[in-house]
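Okay, so here's the structure we're looking at.
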Amino acid sequence: MFRFTTSLLFTFTLFLVGCQPANPENVSENTPEQESGTPAYAIALHGGAGTITRDRMTPELETEYRTMLNAALDIGEGILQAGGSSLDAVVATIEHLENSPLFNAGIGAVFTHDGRNELDASIMDGRDRNAGAVGGVSIVKNPIKAARAVMENSPHVLLTGIGADGFAILQGLDTVPNTYFFTQKRWDGLQEVLEAEEKSLGAIDFPDSKYGTVGCAALDLNGNLAAGTSTGGMTNKRYNRIGDSPIIGAGTYADNKAAAISCTGHGEYFIRNVVAYDVVARMLYQNKSLQEAAGELVYEVLPASGGTGGLISVDRFGNVAMPFNTEGMYRGYAKAGERVVAIFKDE
Ligand code: ASP
């Protein structure tokens with residue numbers, strides 16, 4: 001036991017040494033046949049919401065984003081078309097986005113105040129509302145896989161920090177030095193914020209350099225829903241801050257009776273408004289459609305308290321809603337014969 005603990009600590013040390021610094025197009029509704037029970041699949045994803053405008057984007061970068069969103073949809077849709085589970089589709093889709101430096105999840109995650117990367121992720125199974133999440137992990141290559149391992153191989157829902165990293169090692173998941181997550185763009189983003197903070201002589205609110213959280217919701221051919229979210233959190237976060245992404249009910253929720261949801265935006269507001277669960281609650285207790293319920297949260301509840309962001313969601317019939325109250329949101333969905341990938345507000 002002692003030897004095991006020592007070697008675990010040694011493994012940690014090895015890794016830690018490397019540390020451094022509403023618009024109608026966003027809704028897709030099904031035909032009555034699908035609502036009466038014809039098997040259907042659907043998948044929706046996001047790559048973060050924020051001040052994403054055409055004038056802040058080069059054509060090359062825009063193409064890169066669209067290509068990556070399409071590639072991630074291809075992976076998830078392929079699994080669903082082949083009769084795979086919504087859980088598998090959600091994990092594989094998110095893993096692909098985590099492995100892209102374009103997004104604030106996995107490699108490309110934003111930096112903490114101390115110049116590190118701390119990652120959060122969660123997943124939920126709509127069949128039984130089983131769920132798993134990790135917060136503040138620093139050496140797990142794909143946090144969404146760690147979230148799934150917590151759900152499937154532990155009696156817990158949320159593990160954090162060094163304990164969650166250790167659990168991932170024991171689960172045999174791929175681990176990396178913290179420097180693996182480094183990208184110049186995110187590093188520069190942190191420096192800008194730190195400079196602004198110094199000029200304003202105090203902590204400033206989280207800036208818009210944070211977008212890029214990824215998430216996915218899916219319905220499989222067996223009628224099972226699942227949702228997951230993965231993020232580096234917000235630039236310049238400190239004190240081991242954890243946002244909504246690993247909080248079941250806030251950033252992620254799935255229930256076969258209603259819908260699967262993944263959120264993105266200023267996490268504190270999503271936690272306080274229990275956004276993902278409230279979409280489902282409105283559907284179940286007020287008999288609202290997914291579109292109505294999701295729209296109320298994003299266009300009414302969140303703005304009333306100053307919350308910015310959006311969500312992507314799929315209901316039990318395969319309807320999709322992707323509302324957001326920011327300038328843009330990287331997003332897309334796919335179902336039989338239908339595919340949408342969009343970035344800006346006017347698409
Ligand atoms: N919701 C994430 C957080 O607060 C950030 C984001 O989605 O942009 O950590």
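Whatever order the structure lists ligands and atoms in, that order sets their numbers, starting from 1. Only a predicted model underlies this, so the values are computations on that prediction, with no experimental measurement involved.
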Worksheet item: Counting only heavy atoms not in Asn287, do more than 12 sit closer than 6.0 Å to its CG atom?
Response: no
Worksheet entry | Pair listing, salt bridge (charged side-chain N to carboxylate O under 4.0 Å, His left out) test, anchored in residues 100-111, at least two apart | none
Discussion item. Under 3.5 Å, is there a donor on one side chain and an acceptor on the other for Ser138 and Asp165?
Written reply: yes
Worksheet entry | Residue selection (non-hydrogen contact nearest atom 5 (C) of ligand 1) among Gly243, Gly265, Gly267, Ser245 | Gly265
Worksheet entry | Any N or O of Thr264 closer than 3.5 Å to N or O of ligand 1 | yes
Response to the item:
For Arg241, the atoms of ligand 1 under 4.0 Å from one of its heavy atoms are 3 (C), 4 (O), 9 (O)
Discussion item. I'd like to know if the side chain of Asn178 reaches the main chain of Asn117, judged simply by a donor and an acceptor atom lying under 3.5 Å from each other, with no hydrogens or angles considered.
Written reply: yes
Fill in: Residues that Lys141 engages under salt bridge (Lys or Arg N to Asp or Glu O under 4.0 Å), provided they are two or more places apart
none
Item to complete: Identify, by atom number and element, the atoms of ligand 1 in contact range of Gly233, meaning under 4.0 Å from any of its heavy atoms.
Response: 5 (C), 9 (O)
Worksheet item: Which option, Thr213, Ile271, Asp244, owns the non-hydrogen atom nearest atom 8 (O) of ligand 1?
Response: Thr213
Discussion item. So is Gly48 touching ligand 1 or not, going by heavy atoms under 4.0 Å?
Written reply: no
